[in-house]
Amino acid sequence: ILLAKCEQGRGNAEEAARALCGALASRPGGIKYTQALFELTRIQAEQECFDDVVTKLSRIGERDLNSAQKQELLVLTIKVYRSMGLSERAAGILNTQIPTFRDKQIKASLGVHLARCYVDIDELGRAEEVLGEVLPVLSSGRQRYRATCDLAEIYLKLGRIEEAITMSRE
């Protein structure tokens, strides 16, 4: 696993993936297995090996993950499904999983991803509703800025120019 991290640091994703496959072949126990599998899926998602990623994501044991890792796993899963053109499925997963998180910031962050899924499947009203709920909760920063831009774009698509301008000024 450490070798894979070093290879990733050098920008060598293929070698990192090989090292992780080797680590998984040695059948490490518990959290080490989950960590290696998680890292491998992240690398393969970047390489757009989506079929492999979906298979591996389903094998990651969530009980070994903390809340931040569960969020990261969920976001990775959603990104993979959206990349495969399965945004409706990604939205369904998010609708099921968001309520399982306690932290309001995490829920809001995941809500941004849900809104993007709705935009993908042309459910702009639902996307607007979700962003309207999560924007006040998101702390200032990059994600809030991006969510504000997403909402402005939705307003444009809905023909609500004045609201898009107001949102763009925020």
Side-chain angles (χ1 to χ4, degrees), residues 1 4-11 13 16 31 34-35 37-48 50 53-54 57 60 62-170:
I1 296 171
K5 287 181 181 182
C6 292
E7 291 294 348
Q8 269 187 298
R10 293 172 60 191
I31 193 71
T34 301
Q35 182 183 9
L37 194 55
F38 196 62
E39 290 299 322
L40 182 58
T41 57
R42 194 175 311 150
I43 290 168
Q44 288 180 326
E46 289 171 8
Q47 295 175 327
E48 299 184 0
F50 298 127
V53 173
V54 169
L57 285 172
I60 294 176
E62 286 189 39
R63 62 185 165 89
D64 295 330
L65 304 177
N66 64 34
S67 185
Q69 291 169 323
K70 285 180 183 178
Q71 177 189 7
E72 191 174 350
L73 174 63
L74 182 56
V75 169
L76 179 60
T77 303
I78 296 316
K79 286 180 178 179
V80 168
Y81 280 121
R82 285 185 67 211
S83 296
M84 295 172 68
L86 300 171
S87 295
E88 193 167 345
R89 184 165 184 186
I93 292 168
L94 282 167
N95 278 318
T96 301
Q97 292 298 311
I98 290 173
T100 67
F101 289 88
R102 290 189 178 116
D103 184 273
K104 289 181 182 182
Q105 285 295 316
I106 291 175
K107 286 183 174 189
S109 175
L110 293 171
V112 173
H113 290 282
L114 177 59
R116 289 180 184 150
C117 290
Y118 285 145
V119 169
D120 292 346
I121 58 177
D122 205 31
E123 291 190 24
L124 301 179
R126 291 179 83 180
E128 175 192 6
E129 181 183 330
V130 170
L131 287 174
E133 291 173 10
V134 302
L135 264 172
V137 179
L138 286 172
S139 38
S140 61
R142 184 177 176 199
Q143 189 170 39
R144 182 178 172 83
Y145 171 77
R146 188 66 223 148
T148 302
C149 292
D150 288 349
L151 187 54
E153 289 178 28
I154 290 168
Y155 287 147
L156 279 174
K157 289 178 181 179
L158 292 171
R160 294 163 46 190
I161 307 303
E162 292 302 318
E163 289 171 280
I165 291 169
T166 302
M167 190 57 57
S168 296
R169 289 183 176 153
E170 285 189 20

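Each residue takes its place number in the sequence, starting with 1.
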Practice item. Report the distance from atom CD of E88 to atom CG of L86, rounding to the nearest 0.5 Å. Key: 9.5 Å
Point to revise | Spatial distance of atom CG (L73) from atom CD (Q69) [nearest 0.5 Å] | key: 9.5 Å
Check your understanding: Can you list the steps and then say if R160 with E128 is a side-chain contact (heavy atoms from CB on, under 4.5 Å)?
Key -> CA-CA 12 Å; R160 294 163 46 190; E128 175 192 6; 2.6 Å; yes
Review point. Between atom CD1 of I161 and atom OH of Y155, what is the distance when rounded to the nearest 0.5 Å?
Key: 12.5 Å
Review point. What heavy-atom pair brings A91 and Y118 nearest, and what distance separates the two atoms?
Key: CB-CE2, 4.1 Å
Practice item. With side-chain contact (heavy atoms from CB on, under 4.5 Å) as the test, would you mind laying out the steps for L110 and Q97 before giving the verdict? Key: CA-CA 9 Å; L110 293 171; Q97 292 298 311; 6.0 Å; no
Study note, to complete from the structure: d(T77 OG1, R82 CZ) to nearest 0.5 Å is 13.5 Å
Point to revise | Any side-chain heavy-atom pair of I106 and K70 under 4.5 Å | key: no
Practice item. Would you give the length of the straight line joining atom CZ of R146 to atom CG of L138, rounded to the nearest 0.5 angstrom? Key: 13.0 Å
Point to revise | Beyond-backbone contact of I154 with L131, side-chain heavy atoms, under 4.5 angstrom | key: yes
Practice item. Answer yes or no: is there a donor N or O on one side and an acceptor on the other, between the side chain of S109 and the main chain of Q105, under 3.5 Å? Key: no
Check your understanding: Which value, rounded to the nearest 0.5 Å, describes the distance between R126 atom CZ and I121 atom CD1?
Key -> 7.0 Å
Point to revise | Closest contact, heavy atoms only, A90 versus I78 | key: O-CD1, 3.4 Å
Exercise for review: Before giving the answer on side-chain contact (heavy atoms from CB on, under 4.5 Å), spell out for T148 and L135 the whole-Å C-alpha distance, their side-chain angles and the decisive distance to 0.1 Å.
Suggested key: CA-CA 7 Å; T148 302; L135 264 172; 3.5 Å; yes
Practice item. Check for a donor-acceptor pair, side chain of K107 on one end and backbone N or O of R102 on the other, with a separation under 3.5 Å. Key: no
Exercise for review: Taking all non-hydrogen atoms of both residues into account, name the closest pair between G111 and V134 and its distance.
Suggested key: CA-CG1, 4.1 Å
Revision key, fill the gap. Between C117 and S87, the two heavy atoms sitting closest are CB-O, 3.7 Å
